[in-house]
2 protein chains.
Amino acid sequence: MLSDVMEDYLKSIYALQQEDGGPVATSAIAEYLEVTSPTVTSMVEKLEDRGLVEREKYKGVELTQEGETVALEVLRHHRLLESYLTEHLDYSWSEVHEEADTLEHHISEEFERRVAEVLDDPTVDPHGDPIPSADLTPPEDDTTTPLSDHDAGDLLVVSRVSDRDEEELRYLADAGIAPGTRLEVADVAPFGMVTVRFADDGERDQSLPENVARSIRVRPADDDSDPDSDSESDGGDGEGNSEEIEA
Amino acid sequence: MLSDVMEDYLKSIYALQQEDGGPVATSAIAEYLEVTSPTVTSMVEKLEDRGLVEREKYKGVELTQEGETVALEVLRHHRLLESYLTEHLDYSWSEVHEEADTLEHHISEEFERRVAEVLDDPTVDPHGDPIPSADLTPPEDDTTTPLSDHDAGDLLVVSRVSDRDEEELRYLADAGIAPGTRLEVADVAPFGMVTVRFADDGERDQSLPENVARSIRVRPADDDSDPDSDSESDGGDGEGNSEEIEA
DNA sequence: TATAAGTTTTAGACGCGGCTAAATCCGGTA
DNA sequence: TACCGGATTTAGCCGCGTCTAAAACTTATA
Ligand SMILES: [Mn+2]
Ligand SMILES: [Mn+2]
Ligand SMILES: [Mn+2]
Ligand SMILES: [Mn+2]
């Protein structure tokens, strides 16, 4: 059995690996989990003993196949829980992460199955993040790009937002930005400030600080041109459960 | 903050105090939690330091006001969860206890509130156990009696069944015995074997071993004589969510 | 009332997951 | 190529929750 702490390390390493590709530095994990470097060193040694990570001293750490599977399992729990809390217990977008972050370690496989069933096997969570499938096969690579990488004139659909900052999520809900929202980049100002125009509401512009623009991930709007199903515009109460993501 | 282990100790002490009245012995807690006596001793010392129990060395331990409140809080979580899992996630009677026993320590107050709300503030869990109110005032004393204490001819309503033995719960579900079931004691045989007749089905008798009869708690059937609302007789699939309990 | 049996506590250990301080390594710069 | 600064690991500590073995206490019995 793995402790919830070990699960958190594996989840973190997975997330950091997704971000940057290669091996993950001790200090990166330490920062992510808010612990000290020696703590990380001793933990990754333990994970290495259990065959969950591969490690080269002074270099960095990578998940093994088995370690990745555990990470995906925990991620599946997390994202199913977020979806469930949003849809069945009236949680808002910004509240779910913290609750799911604890519960993900404590639900049974039975619970996971039943939640997936009543949600009808969702593939995306409320923040647009893909939910690993029940068989825990690695999802294909993320093809979305940060909003901050785009230029004036680009037509985009919001694909994912970071779920780790509650403050920021409230801000986005307020601004009416959620997975599925169609935007045009109106302007990119110094210091990375991005101004976007809402495709569904030509009236309205919204300026976003660089750090926010960096955490919003988008894909091009051009391809699947039909404005599709439930275009529940916005409304004060940032709900808005997303559409498909696949490119 | 209290650890989940501390919460379990407080919950155990509460349960044992309910059973027997007075101070609770180290060995009783040890047996209940399946740990050794020295482990219990060191834990209750810690709980004493935190003002959650009172203790007299070599004598026993009792909950303080504060300790009782914590126990009731955990019990509320447990029983709300059992109710929720039964009603909204299609768990059966016999499956809920284990899941709730873990989750009770890991849900937030917000989660508790929302679950209570969608369940419309239930007062009894699927096993007939009273759910402590949100303000955590101590519930009045249990006036039910074990089925095993009764004699042939007694007319009874099942009030509570023990939730800790999954095996036994499956057995009872199978037999069609649940909170709310009306029974007449047909016979008490040697070794405490009790045979009951179903009030709603004069045809059918059921013999129950002493240990099972002891864990079924009942109250007299005579007083509120109207056969009342949803008398969903039985059916193979032990669901049957109970009625009121108050005497 | 002395003693034996059973319970409880004390003593000492261990793995976990954290920390700080000190030693070591690595990569870049002079 | 020698050195320096930063990252990493080593060393050693702590509190938690558990254990076993041994000592101390309580209670029942002779
Ligand atoms: Mn799972
Ligand atoms: Mn999410
Ligand atoms: Mn609570
Ligand atoms: Mn119960």
Side-chain angles (χ1 to χ4, degrees), chain A residues 1-14 16-17 19-63 67 70-71 74 101-102 104-106, chain B residues 1-14 16-17 19-63 67 70-71 74 101-102 104-106:
Chain A
M1 256 324 70
L2 297 179
S3 69
D4 52 346
V5 173
M6 288 190 226
E7 289 181 348
D8 277 334
Y9 276 85
L10 294 171
K11 201 175 54 150
S12 307
I13 295 166
Y14 181 85
L16 293 165
Q17 237 171 214
E19 274 177 29
D20 301 336
V24 177
T26 301
S27 54
I29 301 170
E31 190 184 349
Y32 197 89
L33 290 177
E34 303 182 58
V35 295
T36 60
S37 289
T39 301
V40 172
T41 299
S42 81
M43 189 67 225
V44 295
E45 276 169 1
K46 231 171 302 177
L47 294 172
E48 190 182 27
D49 291 345
R50 301 205 187 202
L52 297 164
V53 303
E54 249 153 47
R55 207 167 92 78
E56 203 181 337
K57 260 200 201 161
Y58 293 99
K59 289 303 195 298
V61 64
E62 273 174 304
L63 295 177
V70 173
V74 178
D101 230 20
T102 302
E104 63 187 6
H105 308 295
H106 302 290
Chain B
M1 258 320 71
L2 297 180
S3 69
D4 52 345
V5 174
M6 289 191 227
E7 290 182 348
D8 277 334
Y9 276 84
L10 295 172
K11 201 175 55 148
S12 307
I13 295 166
Y14 181 85
L16 293 165
Q17 238 171 210
E19 274 178 29
D20 300 336
V24 177
T26 301
S27 53
I29 301 171
E31 190 185 349
Y32 197 89
L33 289 176
E34 304 182 56
V35 294
T36 61
S37 288
T39 302
V40 173
T41 298
S42 80
M43 189 67 223
V44 296
E45 275 169 3
K46 232 171 301 178
L47 293 172
E48 190 182 26
D49 291 345
R50 301 206 188 202
L52 297 164
V53 302
E54 249 153 47
R55 208 167 91 78
E56 204 181 336
K57 259 200 201 160
Y58 292 100
K59 289 304 194 297
V61 65
E62 273 175 304
L63 295 177
V70 173
V74 179
D101 230 21
T102 302
E104 63 187 5
H105 309 293
H106 302 290

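Reckoned from all heavy atoms, side chains included, excluding hydrogens, waters and symmetry mates. Residue numbering restarts at 1 for every chain, and letters A, B, ... go by the order of the sequence lines.
When rounded to the nearest whole Å, the span between CG of Asp49(A) and P of dG17(C) equals 13 Å. Between the CE atom of Met1(A) and the P atom of dC16(C) there is a distance of 14 Å, given to the nearest Å. In this structure, Ile29(A) atom CD1 and dG17(C) atom P are separated by 15 Å, rounded to whole Å.
When every heavy atom of Ser27(A) is checked against every heavy atom of Ser37(A), the shortest pair comes out as CA-OG, 4.2 Å. Shown here for Ile13(B) and Val24(B), the closest heavy-atom pair between the two residues is O-CG2, 3.9 Å.
Between Val70(A) and Leu52(A), some side-chain heavy-atom pair lies under the 4.5 Å cut-off. Inter-residue side-chain proximity for Val35(A) and Tyr9(A) is flagged as met; some heavy-atom pair is nearer than 4.5 Å. At least one side-chain heavy atom of Glu104(B) sits less than 4.5 Å from a side-chain heavy atom of Lys11(B).
The stretch residues 38-47 of chain A participates, sequence neighbours left out, in these side chain to side chain donor-acceptor pair (under 3.5 Å) pairs: Thr36(A)-Thr39(A).
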* With the sugar-phosphate defined as primed atoms, P, OP1 and OP2, and the base as all remaining atoms, what B/S/- string results for nucleotides 7-18 of chain D, 5' to 3', for protein heavy atoms under 4.0 Å? -> -BBB-----SSB
Ignoring hydrogens and angles, write down the donor-acceptor pairs under 3.5 Å from the side chains of residues 54-63 of chain A, residues two or more places apart or on other chains.
{"from": "Arg55(A)", "atom 1": "NE", "to": "Glu48(A)", "atom 2": "OE1", "distance (Å)": "3.4"}

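Taking the side chain to side chain donor-acceptor pair (under 3.5 Å) definition, one finds that Asp8(A) meets it with His105(A), sequence neighbours left out.
The terminal axes of the helix from dT1(C)-dA30(D) to dA30(C)-dT1(D), fitted over 5 pairs per end, subtend an angle of 30° to the nearest 10°.
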